[in-house]
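Below, read A as the first sequence line, B as the second, and so on, with proteins coming before strands; counting in each chain starts at 1.
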Amino acid sequence: MLLIDCPWCGPRDEAEFRCGGEGHIARPDPDTADDATWAAYLFDRDNVKGLGFERWHHRHGCGRWFNVARDTVTHEIRAIYAMTDPKPTGGA
Amino acid sequence: MSGFRLPQGGRIDRTRPLAFRYGGRSYAGFAGDTLASALIANGVSVVGRSFKYHRPRGIFAAGPEEPNAIVQLGARPNLKATQVALVDGLEAGPVNCWPGAGFDVGAAAGLLKRFLPAGFYYKTFMWPGWRWWEPMIRRAAGLGRVDPEAAMPDGQRRSLHCDVLVVGGGPAGIAAALAAGAEGARVVLVEQDPQLGGALLAADGAVIDAMPADTWLAAAIATLEARPDTRVLRATVAFGVYDHGLVAAVERERIVWKIRARHTVLATGAIERPIAFENDDLPGVMLAGAARTYLLRWAAAAGRRLLLFANNDDAYRTALAWTSRGLPVAAVVDPRRSPDGPLAEELRAAGVPITAGAVVERALGRRGVTGAVIRHATGGRTKAACDVLAVSGGRDPAVNLFVQGGGTLAWDAAVAAFVPAAGGQGMPAGAAAGAFALGRALADGHAAGAAAANVAAGTVPYAEDDVATPLQPTWYSGRDQSRCWVDRASDVTVADVVLAARESYVSVEHYKRYTTSGMSPDQGKSSAVVALALLGAATGRQPADVGTTRFRAPWDPVPLAALIGQDRGPQLRPVLHLPTHDRHAALGAMIEEYGGWMRPAAYPQGAESLDAAVFREAAAVRAGVGLFDASPLGKIEVRGPDAARFLDRMYVQRLSTLKPGRLRYAVAATEHGIVFDDGVVARLAEDRFLVGTTSGGAGRVFDAFEEWLQCEWVDLAVFVTPVTHQWGVVNVAGPEARALIAAAGTDIDLASAAFPHMTFREGTVAGIPARVSRVSFTGELSYEIAVPARRTAALWDALAAAGPMVPFGVEALMTLRIEKGYIHVGADTDGTTYPADCGFADAVARRNDDFVGRRSMRRPDALRGGRLQLVGLLPEAADATLHAGAHVVAAGGGSDGHVSSACRSPAMGRTIALAMVRDGRARMGEAVTVDDLGKTVAARIVAPVFFDPEGTRLR
């Protein structure tokens with residue numbers, strides 16, 4: 001059970017949250033994206049072993065979405081940041 | 001073995017005798033006993049039969065590592081007698097024998113032992129197949145009985161937060177808790193035993209801080225309990241360490257605690273391990289520490305005459321305890337050449353002979369140990385008589401929780417055991433870290449506690465250590481490997497280990513599964529390291545290279561009732577009740593669950609069948625007026641300057657062109673282009689909408705709105721508020737709807753010109769403030785009257801009293817909407833249905849701007865031929881029966897789609913159906929064959945609107 005430090009509510013048990021899958025997936029311009037680009041947007045996910053970027057929703061709390069940088073092997077949460085923040089780089 | 005109770009001593013309350021029964025016989029014990037200590041005190045030597053060979057077995061250990069004494073306690077199977085607290089009137093028995101542990105028919109399996117080696121099942125029961133054999137084998141080998149009729153005990157789940165969690169209330173754990181809480185940190189100490197003290201509960205003459213260990217222990221417990229921020233949980237087993245340091249523990253087998261601590265100290269102690277010799281599974285052979293614990297803690301001597309076989313000084317304490325109680329010790333057999341030190345001195349002074357450089361080769365006896373064959377360093381053999389043979393091959397730190405938390409282990413040659421090395425989510429301390437001696441354990445625990453609480457280390461509790469000669473690793477000492485037991489609970493012998501190695505099961509994980517070693521209720525707590533050392537010996541590897549199997553939760557079995565907690569019966573998935581629930585119950589409604597709501601399916605009159613009631617109600621709505629509680633329909637308010645823009649992006653239909661006061665039906669899709677929900681949207685004002693969703697979709701539509709707003713369109717100024725439960729809704733449907741509402745009283749002008757179809761008005765109905773939508777899911781003149789939820793029943797009563805009406809249920813509503821060809825998302829659509837497949841191709845085509853899912857609707861999969869499309873189906877026989885799920889048979893066989901909704905239609909006087917049929921829209925009029933539960937039904941494809949296709953009735 002992860003302990004997730006909600007930026008609005010503080011550290012809370014994973015059971016209060018819903019994982020929304022990989023974060024930072026840019027929505028292509030639907031008018032210009034070809035089928036392959038659109039399919040990649042819909043279906044292709046990195047499924048990394050190690051540092052991964054996800055978005056989480058405090059479903060049973062404040063209801064806010066935010067980004068989480070989490071090591072998928074150790075479950076260490078390296079960063080929690082706003083939906084509008086860019087993907088952390090370097091030491092994250 | 002002929003156990004008995006000492007006339008005095010022990011931590012039992014002799015003023016409180018308890019009567020109990022085991023295997024049908026009556027015995028007596030005392031408060032403070034476990035079932036195991038009471039059985040020993042009563043001289044019961046055979047407590048059960050082994051799992052595979054049905055060999056007689058006695059109590060072997062004194063804690064959760066017990067492999068033999070697996071008992072049935074009433075309706076509860078597979079408990080360890082060492083963990084069952086004795087209570088008056090307790091009724092227990094062995095699990096694996098018939099008719100009793102003393103005489104067991106299954107023991108014949110023991111005669112076949114040589115034919116039942118490891119992997120026997122896999123090799124033998126191949127033909128005609130495992131399934132054929134399994135029931136027989138299960139019956140022969142089963143452990144315990146589950147009584148399906150028995151009431152499940154109450155369980156609970158609770159949460160606990162603290163600064164420092166200390167797991168284990170032995171000397172190290174108590175020292176840790178004392179140090180951690182010294183400056184007011186919130187400390188939780190959990191101990192699996194009902195009493196704190198651990199090894200101190202069976203320590204003879206130990207001295208801590210210059211006082212008897214008992215005095216020190218009592219003072220320490222008093223200190224802990226006096227601290228307001230320290231909480232002590234006894235009889236609480238910490239069974240799992242999970243991500244981010246979550247520790248799960250179960251108290252008194254009833255309460256599951258989820259404990260979040262900033263730091264955890266794992267003072268989980270150590271488990272003694274045996275040395276394998278021939279017939280070492282005889283009753284009377286037990287772990288040295290267990291024999292000592294029974295004697296000192298419960299004043300229960302496991303036998304009259306002790307023989308100790310040990311490779312370490314600590315086990316000498318068992319012989320010392322024996323002789324100090326005036327009981328004879330036949331010998332101490334020690335493989336070490338020259339054991340020396342304070343404990344050896346004490347033994348010799350007491351006149352106990354230490355046979356150095358020797359091993360026990362074989363235990364003698366049939367139903368209990370009567371003696372042992374000792375093999376000397378010279379190779380010579382002697383016999384010694386005894387009725388309890390205590391064995392110790394050293395101790396293994398209880399590293400289960402440490403490894404669960406990600407810690408790694410290292411082989412420590414000094415103690416010949418795996419000890420915590422690095423990582424993990426808790427600090428191991430004391431015996432759990434390999435610090436077995438009392439003084440070291442206290443110091444270690446103290447340091448860990450102080451570090452965990454980040455406080456200055458105070459005075460360290462002191463005890464002198466008296467162990468001098470290092471342990472000598474000894475794994476087995478018998479000759480006939482097939483008679484040397486490794487895992488008693490699973491009946492695995494040294495020969496089985498060697499066989500597994502010979503058959504190339506060299507990975508410890510493969511070995512474990514092949515032999516089933518370590519897979520019983522004790523989970524190999526006392527046998528695992530012996531097994532892996534033997535596997536190493538058989539494959540030319542050191543234990544460090546063999547490694548351990550993976551440690552997983554739970555450390556000890558947890559009752560499912562405790563894990564389930566209150567999540568059972570009606571609380572498993574609480575249902576929602578309509579605000580008018582009582583009214584429907586009073587009307588005799590048949591109430592069923594629909595998407596989490598308890599709703600009337602229909603209102604059968606007298607002996608009327610459900611089918612007849614549905615037919616009657618649907619007909620009555622078309623002929624007069626019906627009432628329906630539509631409160632579950634999802635309601636979401638969407639507000640803000642960008643509300644219209646936002647909804648344009650969420651729905652297939654454009655909503656920004658909707659005028660205030662008007663309603664529009666809209667379909668929502670997922671980003672994959674699949675139909676997701678539908679409903680009627682009202683525009684309350686320029687910047688304010690009331691979005692209707694399906695009853696089951698209210699939650700997920702709200703979630704989708706929030707996700708898009710927060711994650712993608714963060715620039716839109718929109719507030720979304722779910723209000724489903726704030727409003728109760730009564731639907732008044734039928735040609736007499738207007739008259740009924742007027743009779744109930746309203747200030748809203750109901751005339752069609754003033755209040756046309758698909759518009760919205762606010763006012764009062766029956767004196768109650770109401771939002772009224774003129775919208776129809778039945779095809780009739782229809783109003784949905786929304787009032788504050790608390791006043792729904794009053795509205796219902798007023799309408800019901802206003803004139804003749806018929807209450808109708810969900811099933812009649814379904815009949816009415818099928819007659820009109822209105823889709824029901826989730827019934828007529830599934831996870832492959834695009835809006836264009838179910839009648840919304842024009843709506844999609846009309847949009848030239850983006851909305852969720854639009855781009856996906858232009859993917860090749862959405863545009864290809866051969867898609868399933870919504871059509872109507874008319875069976876040739878008007879009274880044919882059709883069910884949703886029946887398949888339209890393709891010309892070449894196989895499926896050409898399926899019936900998605902079907903009913904007996906009063907309006908059409910026949911059976912009708914909606915179906916998703918391959919290329920259905922191009923096949924109007926085609927005759928098809930439908931396979932309905934194996935029956936063939938001839939039908940014709942028609943347009944999916946059966947009744948009043950022009951919609952004149954609802955206008």
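- Interface check for chain A: of the options Ser856(B), Ser159(B), Gly406(B), the most heavy-atom pairs under 4.5 Å are formed by Ser856(B).
- Interface residue Trp65(A): backbone and side-chain heavy atoms are both found under 4.5 Å from chain B.
- When heavy atoms are compared at a cutoff of 4.5 Å, Phe66(A) does not approach chain B at all.
- Checking each of Leu160(B), Leu246(B), Val247(B) against Arg260(B) for a side-chain contact (heavy atoms from CB on, under 4.5 Å) leaves exactly one that passes, namely Leu246(B).
- Among Arg18(A), Arg55(A), Glu76(A), the residue making the largest number of heavy-atom pairs under 4.5 Å with chain B is Arg55(A).
- The parts of Glu671(B) that come within reach of chain A are both its backbone and its side chain, each placing non-hydrogen atoms under 4.5 angstrom from that chain.
- With a threshold of 4.5 angstrom between heavy atoms, His75(A) approaches chain B through its backbone and through its side chain.
- When His672(B), Lys258(B), Glu706(B) are compared by the number of non-hydrogen pairs under 4.5 Å with chain A, His672(B) comes out ahead.
- Side-chain atoms of Arg12(A) and His58(A) include no donor-acceptor pair closer than 3.5 Å.
- Between chain B and the options Arg64(A), Glu14(A), Arg59(A), heavy-atom pairs under 4.5 Å are most frequent for Arg64(A).
- Within the 4.5 angstrom heavy-atom criterion, only backbone atoms of Asp34(A) (N, CA, C, O) approach chain B.
- For Arg649(B) and Trp708(B), the positive end is not near the middle of the six-membered ring at less than 6.0 Å and at most 45° from its axis.
- Interface residue Asp13(A): backbone and side-chain heavy atoms are both found under 4.5 Å from chain B.
- In this structure, chain A has a heavy atom under 4.5 Å from the side chain of Arg854(B), while its backbone stays farther away.
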